[in-house]
Novice: 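Sharing a structure below in structure tokens format, with a few things to ask.
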Amino acid sequence: MSEKPHLFLIDGSSYIFRAYHALPPLTRKSDGLPVGAVSGFCNMLWKLIADGDKGIVGVMPTHVAVIFDAKGDTFRNAIYDQYKAQRPPAPEDLVPQFGLIRDAVRAFNIACIELEGYEADDIIATYSEQALAEGADVTIIGSDKDLMQLVRPGVMMVDTMKNKRIGEEEVAEKFGVSPDKVVEVQALAGDSVDNVPGVPGIGIKTAAQLINEYGDLETLLEKADGIKQKKRRENLIEFAEQARISKELVYLKRDVPLPLGLDALACCDLEGPKLVSFLKALEFTTLTRRVAEATETEAAEVEATSLEVAGWEAADPAAASESADAVDGDKTPGPLDLAAKMAADIGALPIDNQSYQTVRSMEELQVWLDEAKRIGYVAVDTETDSLDAMQANLVGVSLATEPGKACYIPLAHVSGDGDMFGGGLVEGQIPLTEAVTALKGMLEDPSILKIGQNLKYDTLLLSRYDIEIAPFDDTLLLSYVLDAGKHGHGMDELSELWLGHKPIPFKEVAGSGKSQITFDKVELEKATPYAAEDADVTLRLWMILKPRLAADGMTSVYERLERPLLPVLRRMEKRGVSVDRQILSQLSGTFAQGMAGLEEEIHGLAGSPFNIGSPKQLGDILFGEMGLPGGKKTKTGAWSTSASVLEDLAAEGHELPKKVVEWRQLSKLKSTYTDALPHFINPETKRVHTSYSLAATSTGRLASSDPNLQNIPVRTEAGRKIRTAFVAENGNKLISADYSQIELRVLAHMADIPQLKKAFEDGLDIHAMTASEMFHVPLDEMDAATRRRAKAINFGIIYGISAFGLANQLGISRGEAKTYIDTYFERFPGIRDYMEATKKAAREQGYVETIFGRKIHYPEINSKNPNMRNFQERAAINAPIQGSAADILRRAMVRMEDALSDASLSARMLLQVHDELIFEVPEGEVDDTIKVVRTIMENAPMPALQLSVPLKVDAEAADNWDEAH
DNA sequence: CCTATATCGTA
DNA sequence: GTACGATATAGGA
């Protein structure tokens with residue numbers, strides 16, 4: 001115990017306000033309780049403890065206390081009734097956090113001190129004094145300038161938020177005098193924030209100069225008539241008393257009657273379970289995990305503290321839907337209503353798209369960047385000359401910082417007149433490179449949250465300008481997570497829905513069809529209202545949707561499965577995949593030849609030429625002129641000429657429909673793949689860059705477009721040839737890794753089916769096992785036809801089976817199909833239970849969930865239209881299965897890149913096809929890569945979830961996709 | 001010129 | 001029976 005005691009005094013009250021203002025104002029617990037400030041505060045405390053002597057303070061404390069301002073007036077109000085009188089009341093959503101922060105301090109086993117009639121600063125001053133007297137060192141954790149008067153040898157200030165140490169030197173720098181003269185300077189200069197009057201016309205600079213000259217306030221006031229400057233002299237004389245009062249106000253009392261002696265502040269050991277229990281109750285998942293790890297606490301075994309929050313009533317989630325429909329006035333608003341209220345408030349603000357600023361100079365731009373820095377978030381939208389982010393050029397950027405406060409920064413607009421040569425750059429635009437540099441600072445600033453709609457586009461575009469946007473929120477993803485199944489998530493749709501405002505259509509500024517112009521040719525007068533409005537709308541949508549995230553309990557889906565996947569997909573898109581033009585062109589030729597031959601035969605059989613590609617003409621020939629028996633009808637009443645109908649006719653011995661089926665296959669392959677794909681080869685990169693949509697499907701699957709690389713043929717031999725055109729670069733291989741039967745495995749887990757689980761554990765052929773169970777055929781005597789039936793039923797189950805559908809699929813009667821299904825349910829009663837439970841859940845709550853909590857809504861599940869209702873029921877049965885599998889692969893993708901680089905592998909993830917990932921990897925790294933990929937994919941649900949069924953991944957490497965698959 | 005429909009490629 | 005996107009045709013604007 002030879003070490004010198006060291007006391008930490010933490011200025012709690014100032015931290016509360018700083019944490020509150022530093023974080024986006026929307027952090028809430030799942031029941032809506034605002035906890036942003038508590039979160040910031042807890043993180044600060046934890047960092048202080050966890051960093052220990054490695055942190056900014058550099059020493060470990062022996063004693064610690066957190067000091068708060070008590071409620072109500074202090075002795076200073078008796079001295080000067082205007083003291084802090086202009087302070088607005090604390091924000092509504094901060095009020096319930098005051099008590100919680102005190103609870104937090106206690107959970108950390110730290111003394112928590114406040115005293116009526118005194119400010120925290122006075123208590124800190126008194127403790128400092130006493131500690132010094134007893135030979136201890138003191139560190140004040142805070143940044144309030146009023147505390148700076150306490151700095152002296154043995155007393156140091158540390159601002160942990162700015163990671164700054166404030167010693168005598170820093171104080172002298174700020175006030176121009178040594179710390180012991182700080183009060184003299186403050187007495188003269190006053191403080192508008194605290195309403196300390198000071199002497200008019202004297203600021204810190206002048207005050208420091210005067211104090212350095214005269215020594216102290218009293219001496220100065222005595223000799224004031226000797227001051228040369230007339231106005232200053234007069235003011236010093238006239239306001240002498242005011243200065244004395246000011247000094248009294250800023251001088252910190254050092255003789256406060258302390259409620260606890262220094263000994264009582266001695267550090268106690270952290271109690272892991274106690275702290276974890278508290279953090280868990282507040283749903284601070286990351287911090288809970290960190291604390292649990294550091295204190296070796298088993299977080300899962302600790303029960304969350306039950307919180308009692310003054311001024312707050314936790315919502316009953318079950319009551320939420322009722323209260324939404326409730327008649328006004330009969331209920332106190334709960335937190336869920338608060339998110340709704342926010343939506344209503346922001347939705348009610350009118351939008352005036354003529355009020356936006358066009359930013360034309362760096363000075364103007366800087367004002368916006370400063371504002372973004374000050375508030376910590378900004379809505380961003382880019383304008384370009386193409387929908388393809390891999391080829392688009394940046395044309396302008398719009399920003400919004402408040403509803404209605406938005407701007408457009410044109411950067412590359414050209415005058416449209418100059419005909420085919422185009423005009424030059426429009427005057428009055430900031431040079432592109434200069435603006436990009438300035439914007440880069442803001443867009444990469446970790447303290448500024450960037451808010452966008454469909455940011456994958458903007459981040460991909462800007463990554464080509466060497467800008468890596470972070471951190472970010474995406475309103476497209478927010479809406480998707482909250483409302484999948486209810487409506488689309490495009491900005492225009494969301495704007496009309498939430499803001500009751502129809503944004504200016506793109507067509508209105510750029511025209512449409514042949515006369516459409518690119519955005520760089522749009523006049524600035526038209527461009528600004530359009531572009532800035534997008535940023536304005538995006539910001540408002542964020543303000544409405546972000547609070548709902550916690551209120552609806554969707555934070556973890558958003559933060560684990562959506563937001564982190566966006567940069568992963570952006571990189572996959574940017575990498576692209578190598579596609580061999582020659583192979584495709586060769587295939588096109590082959591397909592064309594085949595089509596030509598078939599065409600001749602078909603026309604010959606028909607007796608006259610017609611457009612084979614026209615279902616209408618084909619129907620007329622088949623069912624009109626040739627008088628074949630028409631099978632199915634189409635939605636609009638026309639004869640169906642679908643492949644299944646034509647195949648039935650062919651089976652009856654008709655040549656023509658058989659030839660048409662062949663022709664159609666070739667036509668499809670040629671037009672959709674071999675002819676179309678080469679147009680997607682990027683001239684610069686020589687690769688094909690698909691675009692993945694994170695928010696296109698209701699279930700959580702991705703969608704691929706432009707081109708769609710998730711439907712490249714594989715089932716027929718001719719089609720598979722197209723896959724040989726997807727190749728690895730020289731010296732590389734393509735690896736295809738796909739989950740085996742992931743949806744059936746997910747179903748076995750969710751519905752808890754013992755036979756299925758056993759079969760997967762034993763690595764059995766699942767369809768054969770199903771067939772064996774259903775038809776009582778031993779596995780080793782299984783025939784292909786029986787297995788095929790079982791396979792169809794397994795798929796049918798996943799799709800929300802109907803006798804009609806199964807009959808169709810297997811070409812059997814509905815009665816027979818019904819018998820199969822009944823047999824299946826007899827053998828696997830758990831599946832029927834699962835399906836009934838899922839339908840019930842959908843009917844009662846309007847949505848179903850995946851195993852990771854993704855919600856899929858079915859607003860028409862109780863429809864009176866049986867077709868609609870049945871359809872929604874099947875979809876609701878399918879969604880948790882398909883969606884859970886999709887979530888698993890999402891988790892794997894989010895982790896994959898780091899896992900590969902941690903293993904020093906240079907494999908690049910290129911494509912995703914629902915249950916398959918494609919990588920491009922140097923030949924020498926193939927085996928190691930497969931190991932890593934398999935581990936990540938097979939363990940993707942963990943640690944959030946341990947499936948009761950093993951996941952299996954098949955992986956293979958080859959020179960092209962066909963051979964790797 | 002634009003949109004709806006039919007068809008078919010994938011998981 | 002689920003979930004998608006691309007293509008060509010056809011018909012109304």
Side-chain angles (χ1 to χ4, degrees), chain A residues 484-485 507 511-516 610-619 632-646 660-661 664-677 679-680 690-693 696-716 718-720 722-723 738-744 747 792-810 814 817 820-821 835 848 856 870-883 885-886 889 911-916 965:
Chain A
K507 287 179 200 167
S512 69
K514 234 185 147 198
S515 58
Q516 187 172 88
F610 68 100
N611 185 346
I612 309 169
S614 162
K616 186 177 183 299
Q617 293 182 33
L618 178 63
K632 284 183 291 185
K633 58 307 165 227
T634 178
K635 217 177 190 108
T636 48
W639 292 117
S640 170
T641 67
S642 68
S644 68
V645 170
L646 298 184
V660 171
V661 170
R664 280 218 186 129
Q665 192 200 18
L666 295 180
S667 165
K668 181 80 172 184
L669 296 177
K670 184 169 183 288
S671 67
T672 310
Y673 302 102
T674 57
D675 284 354
L677 276 174
H679 299 301
F680 287 100
T690 183
S691 175
Y692 287 105
S693 171
T697 73
S698 57
T699 54
R701 273 193 178 180
L702 303 179
S704 157
S705 64
D706 311 296
N708 180 355
L709 294 187
Q710 290 180 324
N711 71 344
I712 303 301
V714 72
R715 288 174 189 176
T716 65
R720 236 183 351 256
I722 293 164
R723 291 200 169 205
D738 67 291
Y739 283 110
S740 160
Q741 306 289 1
I742 187 168
E743 293 190 346
L744 275 176
L747 175 66
I793 295 168
N794 276 335
F795 275 100
I797 294 296
I798 289 171
Y799 297 153
I801 202 151
S802 75
F804 180 83
L806 184 64
N808 241 351
Q809 174 70 28
L810 287 176
R814 277 182 56 185
Y820 282 180
I821 294 170
M835 292 172 78
V848 294
I856 300 105
N870 290 332
F871 176 75
Q872 295 247 324
E873 284 180 356
R874 290 192 299 272
I877 288 167
N878 171 258
I881 307 171
Q882 188 187 116
L889 188 50
L911 303 175
Q912 190 255 39
V913 194
H914 308 310
D915 65 355
E916 175 188 15
H965 186 73

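Side chains included, hydrogens not; waters and symmetry mates left out as well; all remaining heavy atoms used. In the text below, chain A, chain B and the rest are named by the order of the sequence lines, each starting its count at 1.
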Novice: Whole-Å distance between C:dA3 P and A:Tyr692 OH?
Specialist: 21 Å
Novice: How is A:Ala676 classified with respect to the nucleic acid when contacts are heavy atoms under 4.0 Å: base, sugar-phosphate, or nothing?
Specialist: sugar-phosphate
Novice: Which parts of nucleotides 3-9 of chain B does protein reach within less than 4.0 Å, heavy atoms only, written one letter per nucleotide 5' to 3' as B for base, S for sugar-phosphate only and - for none?
Specialist: --SSBBB
Novice: Can I get a per-line list of side-chain donor-acceptor pairs under 3.5 Å for residues 800-809 of chain A, giving both atom names and the distance, sequence neighbours left out?
Specialist:
unit_1   : atom_1 : unit_2   : atom_2 : d
A:Ser802 : OG     : A:Gly805 : N      : 2.9

Novice: May I ask you to verify if any side-chain N or O of A:Ser704 is less than 4.0 angstrom from the OP1 or OP2 atom of C:dC4?
Specialist: no
Novice: Within the pair A:Ser698 and C:dC4, is there a side-chain N or O less than 4.0 Å away from OP1 or OP2?
Specialist: yes
Novice: Have a look at A:Asn711 and tell me which of A:Leu709, A:Asn708, A:Val714 forms a side-chain contact (heavy atoms from CB on, under 4.5 Å) with it.
Specialist: A:Asn708
Novice: Which whole-number value in Å describes the distance from A:Asp706 CG to C:dT7 C1'?
Specialist: 13 Å
Novice: Round to the nearest Å and state the distance from A:Glu916 atom CD to C:dA3 atom C1'.
Specialist: 17 Å
Novice: Once you round it to whole Å, what is the distance between P of C:dG1 and CE of A:Met835?
Specialist: 14 Å
Novice: By a strict heavy-atom criterion of less than 4.0 Å, which residues belonging to residues 794-801 of chain A are in contact with DNA chain C?
Specialist: A:Gly796, A:Tyr799, A:Ile801
Novice: How long is the line joining CZ of A:Arg814 and C1' of C:dG1, in whole Å?
Specialist: 12 Å
Novice: Without decimals, in angstroms, what is the distance between A:Leu677 CG and C:dG5 C1'?
Specialist: 13 Å
Novice: Applying a 4.0 Å non-hydrogen cut-off, can you work out what A:Ser705 is touching in the nucleic acid: base, sugar-phosphate, or nothing?
Specialist: sugar-phosphate
Novice: By the 4.0 Å heavy-atom rule, please label A:Asn611 as base, sugar-phosphate, or nothing.
Specialist: sugar-phosphate
Novice: What is the distance, rounded to the nearest whole Å, between atom CG of A:Leu911 and atom P of C:dC4?
Specialist: 20 Å
Novice: Using a heavy-atom cut-off of under 4.0 Å over every strand shown, decide if A:Ala807 touches base, sugar-phosphate, or nothing.
Specialist: nothing
Novice: Can you measure A:Lys616 atom NZ to C:dA10 atom P for me and round it to whole angstrom units?
Specialist: 7 Å
Novice: Any side-chain N or O of A:Arg874 below 4.0 angstrom from OP1/OP2 of C:dT2?
Specialist: yes
